[in-house]
Amino acid sequence: MKYLLTGVAAIAMLTACGDNDKPDDGASSEYAVQDITARAGDPATAPQALAAFALDGSDSTRLTFAGSDIKGDKAVFTDVTLLSADDDDDSDEDGIDLDGTVVKAKKLELDGLAMVDGKASFSKMVMSDISLVPTDPEEAEEGSATIGSIQLVNPSPELAAWVASAFSDADHGDLPTGDALSFDLWSVGDVNMQINEEDGETGTFLIDAISVSGLKDRKAAGMSLKNMKFDMFDPSEDTTVKANIGDVSVEGFDFAVFAPEEGESLEDSFESGFMSGLNAQDPANPGYKSISMKDLNFDVSGVNFDMPSLVSKVSHDKQGRAVKVVTEPVKMVLNAGDGELGQQLGTQLATLGYEKLELTMASEQSYDPDADIVTLAKGKNYWELKDGFRLDFGAKYEGASAMAAAQAEQGDASADPSAMMDAVMEKLTIHSLDLALDDDGIVDRAFNAYAAQSGEDPQQLRNQTAGMLAMAPMMAAGSGIDPELVTEAATALSSFITDPKTLTLSLNPAAPLKVSTLADMEDPSGLTKSALGFSASNE
């Protein structure tokens, strides 16, 4: 079955790097991308392009077909077979090695054929009714993999030439990277994988459509995923995994956010981007203009997570810098169902008095790129657990761009994580910080759960905890910490434990406070309640 998995990835790469515009068969597609016109080809040089694709009827060890219809710069081939690479093939790991899998397609359509700067090119390619067949008969009995259609429209000359070499030579070069990788549309429709291993492992993997449109200068105008379903059973672990995503839509995806280096592959782009963290030139940029997700659900042996929708949007200034990111309220539900893991989760939830957890969150982050200041607006950033609590938080801090630059200068965090952390924290300055924890039963639930496990009385535990907090000012005496600050904090926390309402903690220092100053401070006496603008209450 590994051959089928490898083959699906390989054949998808073969047509680019995702709206399901199926080949014309008299039926329209709701996923069709509008206003994309294939470039004109060159009938005079089309035969040369076909030869480069090994589609001129000559002998080929890589690609064969049963029939063809060639007119000008258009060609249609039927019963196409793309042979697997030989077992001893040493093709580049970034090339297309089908690894023991033969790809068969009922139809291959090429439009806009031409030779461009001596290289084979096309403006549109559609493969339809695709099957991936393992060359090992035993593998073939363990499942199946089919793809309804794959389409590539207006690829860059480098990408078109790469596809041509992939058809004709198993030992072709690497997939183009950076600005050389561009196209107007790449789409895959109707992916269907069925797994039925001899050891009892079974599974189904379905996708209605994947598409990327307008990829240019390492930016994609749009990306989408429609109706993905995954259902797997592993008998060795007695584990079931089910996942569903109804719809994912991304506008304005910027690969450059994840790929500082021009020549990086897309895979390396994500890896280096996540490792390097923020972009110093545009630290508030999450890498998209908007993202929408609907009907996300997964279940692992009875542990069920459900998220009906997620919507996040980014605003930019006239220079194209991200200045605000807003994520609308997102509801997430964690349920315990049938299955071993579900039963374990259900037991843990029951100790807190829950049958399920319903969590809602929202966020709004503003960024001033000239002042390098991030603001989290009060009342618009929160986590809320139904019948538990609501945590509101707000903040204003300086140094996002400087922190990103410092992190980049430090390089690999694995070399000396503490040095990187010190360099980053040196640039972080706090202007204000506000936290508000509104109790809706979580304090009672927590004490009751702990008491049940320890065999103690919950009220007695509560009193003991409140008493220890009340002693904090006495215990802090002589440490140099402002007694007024400790007393106010301890009083608010003790009151919250005894009679939970809304616990509020705030920092509004008279002058912006560098985090490195706090970390390096040996004498805390300067951190007074007045200097920090500290306040705490339970009201």
Side-chain angles (χ1 to χ4, degrees), residues 225 227-232 239-250 286 290-313 325-365 376-395 434-453 458 461-462 493 496-497 499-505 538-539:
L225 169 69
N227 297 328
M228 186 195 81
K229 298 181 183 298
F230 180 86
D231 189 344
M232 182 72 71
T239 301
T240 59
V241 179
K242 298 181 180 181
N244 299 279
I245 300 178
D247 178 89
V248 179
S249 178
V250 182
S290 70
I291 184 170
S292 173
M293 181 182 297
K294 297 180 180 178
D295 300 327
L296 169 65
N297 177 279
F298 65 81
D299 186 293
V300 181
S301 293
V303 175
N304 179 268
F305 176 84
D306 183 75
M307 186 173 70
S309 67
L310 180 149
V311 176
S312 181
K313 299 179 180 179
V325 181
V326 177
T327 301
E328 299 177 5
V330 180
K331 181 179 179 181
M332 296 165 279
V333 180
L334 185 65
N335 273 305
D338 295 333
E340 181 179 354
L341 296 180
Q343 292 175 3
Q344 294 176 9
L345 175 62
T347 300
Q348 295 299 318
L349 293 179
T351 62
L352 289 169
Y354 290 108
E355 293 184 359
K356 61 182 178 181
L357 298 181
E358 297 184 37
L359 188 67
T360 304
M361 63 78 64
S363 67
E364 179 176 309
Q365 171 184 294
L376 302 178
K378 292 182 181 180
K380 296 184 179 180
N381 295 272
Y382 65 87
W383 288 88
E384 183 173 4
L385 177 65
K386 185 178 180 181
D387 298 326
F389 66 86
R390 176 178 169 119
L391 176 64
D392 282 277
F393 51 94
D434 298 278
L435 297 174
L437 179 60
D438 183 15
D439 178 77
D440 189 22
I442 193 63
V443 174
D444 284 343
R445 291 175 185 273
F447 277 105
N448 289 338
Y450 185 80
Q453 292 180 349
L461 281 172
R462 189 191 295 255
L493 290 169
F496 185 72
I497 294 299
D499 182 19
K501 296 177 182 177
T502 300
L503 176 65
T504 302
L505 303 173
N538 173 50
E539 298 175 349

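Fair warning: this is a prediction, and the values are worked out from it, not measured in the lab.
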query: Would Y382 and T360 satisfy side chain to side chain contact (heavy atoms under 4.5 Å, CB included), going step by step from the backbone distance to the final call?
result: CA-CA 8 Å; Y382 65 87; T360 304; 4.0 Å; yes
message: If you apply the rule side chain to side chain contact (heavy atoms under 4.5 Å, CB included), what do you find for V241 with F298, and how did you get there?
response: CA-CA 7 Å; V241 179; F298 65 81; over 6 Å; no
task: Assess whether side chain to side chain contact (heavy atoms under 4.5 Å, CB included) is satisfied between V300 and F305, documenting all intermediate values.
output: CA-CA 9 Å; V300 181; F305 176 84; over 6 Å; no
Residue pair V303, L334: steps toward the side chain to side chain contact (heavy atoms under 4.5 Å, CB included) verdict: CA-CA 7 Å; V303 175; L334 185 65; 4.0 Å; yes
- prompt: So K229 and D231, salt bridge (Lys or Arg N to Asp or Glu O under 4.0 Å) or not? Walk me through it.
  reply: CA-CA 7 Å; K229 298 181 183 298; D231 189 344; over 6 Å; no
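Remark: side-chain polar atoms of T502 are not paired, donor with acceptor, to backbone N or O of N538 under 3.5 angstrom. In terms of modelled atom types and a separation under 3.5 Å, the side chain of D439 and the main chain of I442 share a donor-acceptor contact. Between the side chain of R445 and the main chain of G353, a donor-acceptor pair closer than 3.5 Å is present.
The CD1 atom of I245 lies 5.5 Å from the CG atom of L225; values are rounded to the nearest 0.5 Å. Atom CD1 of residue I291 and atom CE of residue M293 lie 5.5 Å apart, to the nearest 0.5 angstrom. Once rounded to the nearest 0.5 Å, the distance linking CG of D247 with CG of N227 reads 7.5 Å. We find the CD-CG distance between E355 and D387 to be 11.0 Å, quoted to the nearest 0.5 Å. Distance CD/E328 to OG/S312: 8.5 Å, rounded to 0.5 Å. Taken to the nearest 0.5 Å, the OG1 atom of T327 stands 9.0 Å off from the CG atom of N381.
Here the side chains of K313 and V311 are in contact, with some heavy-atom distance below 4.5 Å. No side-chain heavy atom of Q344 sits under 4.5 Å from any side-chain heavy atom of Q348. Taking 4.5 Å as the limit, some side-chain heavy atom of L357 sits within range of a side-chain heavy atom of L349. In this structure, D440 and R390 have side chains that are not in contact, with every pair of non-hydrogen atoms separated by 4.5 Å or more. Annotation: side chain of M332 is in contact with side chain of M307 (closest heavy-atom distance under 4.5 Å). Inter-residue side-chain proximity for N244 and D295 is flagged as unmet; no heavy-atom pair is nearer than 4.5 Å.
A salt bridge links R462 with D444: the distance from a Lys NZ or Arg NE/NH1/NH2 to an Asp or Glu carboxylate oxygen falls below 4.0 Å.
Between P286 and V325, the shortest heavy-atom contact is CD-CG2, 4.1 Å. Here the shortest heavy-atom pairing between N448 and P458 reads OD1-CB, 3.3 Å. Residues I497 and P500 come closest through the heavy atom pair O-CD, 4.0 Å. Counting all heavy atoms, side chain and backbone alike, A336 lies closest to G342 at CB-O, 3.3 Å.
At most 12 non-hydrogen atoms from other residues, nucleotides or ligands lie less than 6.0 angstrom from OH of Y450. Residue-environment remark: CD (E364) exceeds the threshold of 12 foreign heavy atoms within 6.0 Å.
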